[in-house]
Every structure is written in C-alpha cells, then in structure tokens.
Amino acid sequence: MTESVVRRIRELIAEIRQHDYHYHALDAPTIGDTQYDQLVAELKRLETEFPDCLDPNSPTQRVGAKPDSGFSEVSHRIPMLSLDNVFDLDEFQQFVERMTDRLDGISSPELTAEPKLDGLALSIRYEQGELILAATRGDGSTGENVTQNVRTIRSIPLTLNGEHLPEILEVRGEVIMKKEDFDSMNRRLQAAGEKTFVNPRNAAAGSLRQLDPAIVATRPLSFYAYGVGEVSASLGDRHSDVMDTLKSLGIPVNPGLVKGDVSSMEAAYQELLAKRDSLPYEIDGMVVKVDPLALQNALGFVARAPRFATAWKFPAQEAATDLIAIDVQVGRTGAITPVARLEPVFVGGVTVSNATLHNFDEVSRLDVRPGDRVMVRRAGDVIPQIVRVMTDQRPTNSQAVPLPTECPICSSPVERAAGEAVIRCSGGLICQAQRLEHLKHFVSRKAMDIDGVGERLLEILIEKQWVKTPADLYRLSIESLKDLDRMGEKSAANVVQAIAASKATTLARFLYALGIRDVGEATARTLAQTFGDLQPLMLASLEDLMAVDDVGPIVASHIRAFFEVQQNREVIEELRNLGVYWPIHPVEAPTTGVDLSGQTWVLTGTLESMTRDEASDRLRALGAKVSGSVSAKTTVLVAGPGAGSKLSKAQDLGVRVMDEAALMELLES
Ligand code: 5U1
C-alpha cells in the first residue's frame with residue numbers, strides 16, 4: 001500500500017515539476033490551469049493522508065514557518081557584484097576602450113545585451129538539484145537569508161530539471177514584480193485598507209523582506225536569472241550558453257538577451273528603449289557583457305564591479321522637483337482640471353515643467369500643495385504625473401488648494417455630478433474655453449442644422465473674435481464673410497442664407513442645440529413636449545423637472561444650473577431677438593381626444609405641410625412613439641412622396657400605411 005502511495009506521490013511531484021518548468025522557464029504550458037490544480041489537489045490529499053511520505057521540496061511545500069527573529073546572515077562565497085553605469089554613447093565607447101586596451105589584439109569582443117530589470121538582486125543556491133538557500137545581495141559579501149520567502153515564488157523551481165545536475169549551483173538574478181501584478185496587488189491592498197506600494201521595485205523589495213512567508217506567498221513576485229555564483233561544473237563557455245543551460249534546468253531567464261558586437265550595441269539600446277513601456281516589467285537600462293567567459297576572466301574586476309560588463313542606463317522615469325503652483329484649466333468640454341506647475345526637471349528624457357493631476361479628488365488623495373517637494377514620473381509618451389509628495393519636507397506655512405467654485409475663464413459656477421470625479425463649468429454658451437465645441441454642437445444637423453458652417457469656418461470666426469456666442473452667428477454679414485480666405489461672395493451668401501434658414505426651428509432642436517449637459521435629443525424632445533415653450537422650462541424647479549419622464553436628479557440639476565447662469569439667459573434672449581423661433585405646442589392633453597399611447601409610428605418620404613420633425617413632435621404629443629424603422633411592432637407608417645424600402649417593408653408586414661392627408665386629418669380632428 002505505502003509503496004504504491006510513495007510511487008504515486010513521486011509521479012505527481014515529477015509531473016507537476018515538469019508543468020512548472022514548461023510554464024515558468026519555457027513560457028509554454030502544456031496543460032490547462034484546472035488540470036494542473038487537480039494534480040496539485042491529489043498530491044496534497046495523499047501528503048495529508050500519509051504524512052510520512054512528505055518530500056520537503058514537494059511543490060506543495062512552498063510556504064514555511066515564520067522565523068522567530070529576523071533573517072539570519074549569509075556570507076556569499078563568491079561576492080555578488082554590482083555594475084558600473086554609463087549614461088550615453090560616449091561613455092559606452094569609453095567603457096569599450098578601457099576594456100579592449102586590456103584585451104591585447106581583440107578590438108571588438110563578442111558581446112551580449114539584455115534588459116536591466118529594476119528589482120532586487122538575489123542568489124539562490126542549489127545542491128544536488130535541490131534549493132537549499134536564497135540570500136539577498138546585502139553589501140555584496142553578506143546578505144540576508146530569505147530562503148523561506150523565496151520558496152513561495154512559484155517561478156523558482158524547488159528542484160532543478162534534468163539528469164546531469166551540477167552538485168552546486170548558485171543562480172544570481174533579480175526578483176521583480178510585473179507591472180500588471182503590481183497594479184492588481186495594490187488594488188487589493190487598497191480595498192483591504194492596507195498600505196500600498198509606490199512602485200514595483202519597492203513592492204518587490206518590501207515583499208521579499210516580509211518576515212511571514214505566508215504573506216510573501218500572496219505577493220505576486222517573479223524572478224529572472226542573469227548569471228551564476230559558485231558552480232561545481234562548467235555550464236558553458238559563454239555567458240549566453242550559461243543562460244541557455246540555466247533555462248534548460250528550469251530557471252527563468254530573461255528572454256531579451258541578444259548577441260552582437262560593439263557596433264551593434266547602440267541600435268540594441270535604442271530598440272530596447274523603444275520597447276521599454278510595452279514590456280511587462282520595469283527596466284532601467286541595458287546590461288552589456290562580454291560573452292566569452294575566458295575574456296571575462298581575463299578582464300576581471302575593479303572593486304565590486306566587473307570590467308567585462310556595464311549597465312547602459314535609460315533616462316530616469318522619476319525625478320524629484322518643487323511644485324510651484326496648482327493652476328486650474330478648463331477643457332473643451334468644460335471639465336475643470338488642476339495642473340501642477342513645476343520647477344523644470346529632466347525626467348524620462350525630456351524637461352518637464354507641468355504635470356497632470358487628473359481631478360480634484362486626486363489633489364486630495366495625494367494631499368499635494370504648492371511649495372511641496374514632489375516625485376514626478378514620465379514614462380514614454382504618457383503625460384507627466386505626480387506620483388507622490390514628500391510631506392516630510394513640506395514648508396510649515398503650506399496651504400491646501402481649495403476646490404474652485406467658479407470657472408476661472410468665465411466665472412460661471414462649477415457643477416459636479418454625483419459619482420463623478422470631474423467638476424465642470426456651467427457657462428456652456430459663454431465660456432471661451434468651450435466655444436468651439438459648443439458652436440460645433442449648436443450648428444450640427446440634429447441641433448440648428450446650419451449647413452455650410454463647419455469646424456474650420458468656426459475656428460476662423462472664433463479666432464477673429466467675430467463669434468463668441470451662438471447669437472453672434474446670426475449677426476454675420478455677406479460683406480464681412482466674403483473676404484475670408486477661400487470664401488468669396490457666393491459662398492458667403494450661402495452661409496448667411498443657411499444661418500437665416502435655421503431661425504425657424506422647433507423647441508426640441510433649440511433645447512438640444514443649447515448643449516445643456518446630459519440633455520440629448522430625446523430628453524430635449526420630452527422637455528419640449530412637457531413644457532410646451534421655453535419660458536416655463538426656464539422657470540421650472542428641480543421638482544418640476546424631476547417629474548418629467550427620463551429626467552432624474554442629475555439631469556434636472558444640469559438644466560437648473562444652465563438656466564441659472566445669467567449670461568446663458570442673455571444669449572437665449574439675443575437669439576430670440578435675432579429671429580430664432582419655434583412653434584408653441586399646448587402642454588395640456590390634446591383637445592382632439594386622440595390618444596396614440598402604446599403605438600409606434602414611422603414617417604417616410606416627403607411631407608408638404610410640415611417637416612418630418614414637426615410631424616414627429618405632434619405624434620409624440622398624442623402619446624405615440626416615433627421610430628426610424630419599420631418592424632412587425634409598427635402601428636402606422638406615414639408615407640409621403642418618394643417613400644421607398646420602408647413602404648415596401650410595411651406592405652410586406654401588413655402594417656397600416658397612411659398618407660399625409662390622412663395624418664393631417666387625424667392631427668386636426
Ligand atoms: N541583466 C542583468 N542585470 N545584471 C545585474 N545582468 C546583470 N549582471 C550583473 C548584475 C549585477 O552582474 C554580473 C555582470 C555579474
């Protein structure tokens with residue numbers, strides 16, 4: 001019995017190790033997660049039932065006990081080196097020269113280039129293929145024994161793969177946390193009300209130095225090897241061969257290693273720099289090494305750094321600077337955002353003097369104030385951000401920035417929708433920052449439908465300060481327009497004519513054109529039907545507005561806020577004085593007694609006595625729903641001259657079809 005259990009346990013351990021090897025070292029899993037979990041579950045069950053058969057390096061035995069008192073010291077028999085840095089091509093060439101001066105007759109040694117991971121250096125010792133010790137770098141000679149923690153890192157094998165294993169093998173590499181793992185871990189910590197980490201490097205270092213391995217096991221750490229320490233047998237004649245051997249033993253090795261000579265290193269550097277932001281982990285440079293180990297040995301070391309390798313650093317993505325002020329900016333849609341003005345600082349390869357703060361919640365979250373010393377991050381093309389504030393260096397007289405109550409451009413009150421982080425200017429019609437977007441919306445097809453006034457013309461009119469509000473459009477003359485670039489008399493006349501034609505509109509279109517936040521076409525129509533004319537709507541209270549179908553407290557508050565701005569009311573008044581008008585519909589239930597509630601009507605073809613929009617409004621006033629397409633649910637199709645596919649579809653479906661005369665009869669009955 002026990003014999004067969006021991007055999008099965010061995011089989012399971014071997015099988016799980018193979019799957020770990022394929023998953024972590026080769027990055028090519030051969031089974032799915034569920035199958036893998038089933039194997040582990042079976043192993044755990046057998047180990048619980050037969051505790052005498054437990055192998056201490058079984059894949060189930062990653063989480064050990066907490067040490068009683070801190071980490072013990074470990075002395076490195078072969079020191080853990082650090083790397084000298086170079087920061088540009090010139091310095092790299094000097095590094096090459098220093099090296100080749102020592103290599104008589106070899107002017108261009110074979111080199112390797114690999115990403116320099118931003119993590120924590122680690123040495124892992126295997127004896128007879130079993131992981132027996134893991135230590136941090138410490139001062140290079142003495143580190144801390146973090147074996148129990150390292151055993152929880154799933155990509156690090158507890159037992160090496162293969163048959164001819166070296167008796168002793170010390171693997172050296174970097175413990176990191178991948179960007180995605182870092183983000184999800186921080187989200188988890190935040191949700192649990194725990195302290196979050198400022199960056200993946202700190203998260204990796206902080207996690208590895210956690211005293212409780214059970215906590216470390218919950219931290220998503222990864223490991224990539226970049227070299228070896230003590231080894232009892234040769235793993236190859238070149239650094240690149242050694243890396244291949246480590247990979248075959250099951251050790252994760254960074255896949256980014258490339259081979260080349262001195263002349264190809266600059267291109268390799270630029271290529272890696274371009275890839276930096278898309279890599280799953282943070283890197284801070286490229287490590288260049290002499291590939292043949294014989295040349296490495298010939299070159300040797302200076303102090304604690306090898307002469308055969310260097311770290312060609314990337315521009316730092318974070319730098320500290322002073323925050324001069326927090327300014328307030330108004331975007332094209334009225335969003336009011338805080339912007340940090342900084343003492344210029346070189347970061348991410350450029351000089352940065354502004355950083356985004358996203359919104360005022362972010363200002364409170366960071367507790368950032370003018371005069372603060374702040375850490376700025378710029379990664380790739382991403383807008384620079386403030387990632388943290390050194391509150392310990394804060395001047396004693398510092399003051400938090402108050403939340404703005406009015407727009408810095410037009411002084412209209414700001415509004416904030418419930419649940420939204422952004423605050424917005426309510427002065428839609430008059431705010432200079434929002435002018436172009438607003439005017440584009442005002443002239444658009446479903447609003448005032450002013451054909452011929454496009455974005456480019458609006459830009460010119462705004463630039464010349466001829467148009468500040470929609471009312472100014474109705475004051476434009478052929479004389480002034482005709483001299484504009486590529487305009488001429490005829491086009492100018494067409495523009496003026498199109499603007500004049502838009503004066504005859506509907507209340508729904510006009511309301512939609514005002515660009516009140518969250519008042520789309522459908523809401524504008526409902527408001528027009530409910531209030532009949534603009535005046536009652538402008539005087540409506542929040543309660544009146546919330547009584548309207550589909551108008552909730554947020555939309556109601558946007559409508560109120562809009563009409564409370566005096567300049568908005570003035571622009572509306574001007575528009576009406578300039579001739580914009582709409583038919584007024586009675587609000588009370590129609591006297592006809594016709595009730596079309598529950599019916600769906602579709603209009604197609606040309607109508608002669610009114611526009612389709614007008615007809616739709618009147619049908620809606622009688623309770624009908626007006627749809628754009630014919631289906632089996634359509635009650636009536638009103639077909640004017642030129643009706644096409646909608647008419648044939650209605651006929652196919654047996655939907656009732658009506659002409660304009662019949663419609664008029666119904667509306668006027
Ligand atoms: N990728 C990489 N990082 N890194 C760090 N390679 C590498 N090599 C190192 C260090 C300290 O040292 C060896 C050259 C000994």
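As a basis for the values below, the full set of heavy atoms in this structure was taken, side chains included, without hydrogen atoms, waters or symmetry mates. Note that ligands are numbered from 1 as they come in the structure, with each ligand's atoms numbered from 1 the same way.
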Item to check | Matching residue for E318 among R201, R378, R377 - test: salt bridge (Lys or Arg N to Asp or Glu O under 4.0 Å) | outcome: R377
Checklist entry - Does a donor on one side chain sit under 3.5 Å from an acceptor on the other, for N57 and R151? => result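 There is such a pair (donor and acceptor under 3.5 Å, judged by atom type) between the side chains of N57 and R151.
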Next on the checklist: Side chains of S58 and E47: any donor to acceptor distance under 3.5 Å?
Outcome noted: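 Present: a donor and an acceptor within the cut-off.
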Checklist entry - Among all protein non-hydrogen atoms, which one is nearest to atom 11 (C) of ligand 1, and what is the separation to 0.1 Å? => result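 Heavy-atom neighbour on the protein nearest atom 11 (C) of ligand 1: L81 O, 3.4 Å.
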Item to check | For atom 13 (C) of ligand 1, the protein heavy atom that lies nearest, with its residue and separation | outcome: K289 CE, 4.3 Å
Checklist outcome for this item: Check: of Y224, Y226, F308, min heavy-atom distance to atom 5 (C) of ligand 1 comes from Y226
Checklist entry - Among I78, L117, L83, whose heavy atom sits nearest atom 14 (C) of ligand 1? => result L83
Checklist entry - Do Y23 and Y36 make the cut of ring centroids closer than 6.0 angstrom? => result no
Item to check | Check: Y269 ring centre within less than 6.0 Å of F92 ring centre | outcome: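 No, the ring of Y269 stays outside the 6.0 Å limit from the ring of F92, centre to centre.
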Checklist entry - So is there a nitrogen or oxygen of E114 less than 3.5 Å from a nitrogen or oxygen in ligand 1? => result yes
Next on the checklist: With a heavy-atom distance limit of 4.0 Å, tell me whether P115 approaches ligand 1 through its side chain, its backbone, both, or neither.
Outcome noted: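 For P115, only backbone atoms sit under 4.0 Å from ligand 1.
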Item to check | Pair R341-S353, side-chain hydrogen bond (donor to acceptor under 3.5 Å, both in side chains): steps then yes or no | outcome: CA-CA 6 Å; R341 306 288 180 213; S353 43; over 6 Å; no
Checklist entry - Under a heavy-atom criterion of less than 4.0 Å, does G173 contact ligand 1? => result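 Contact check G173 vs ligand 1: negative.
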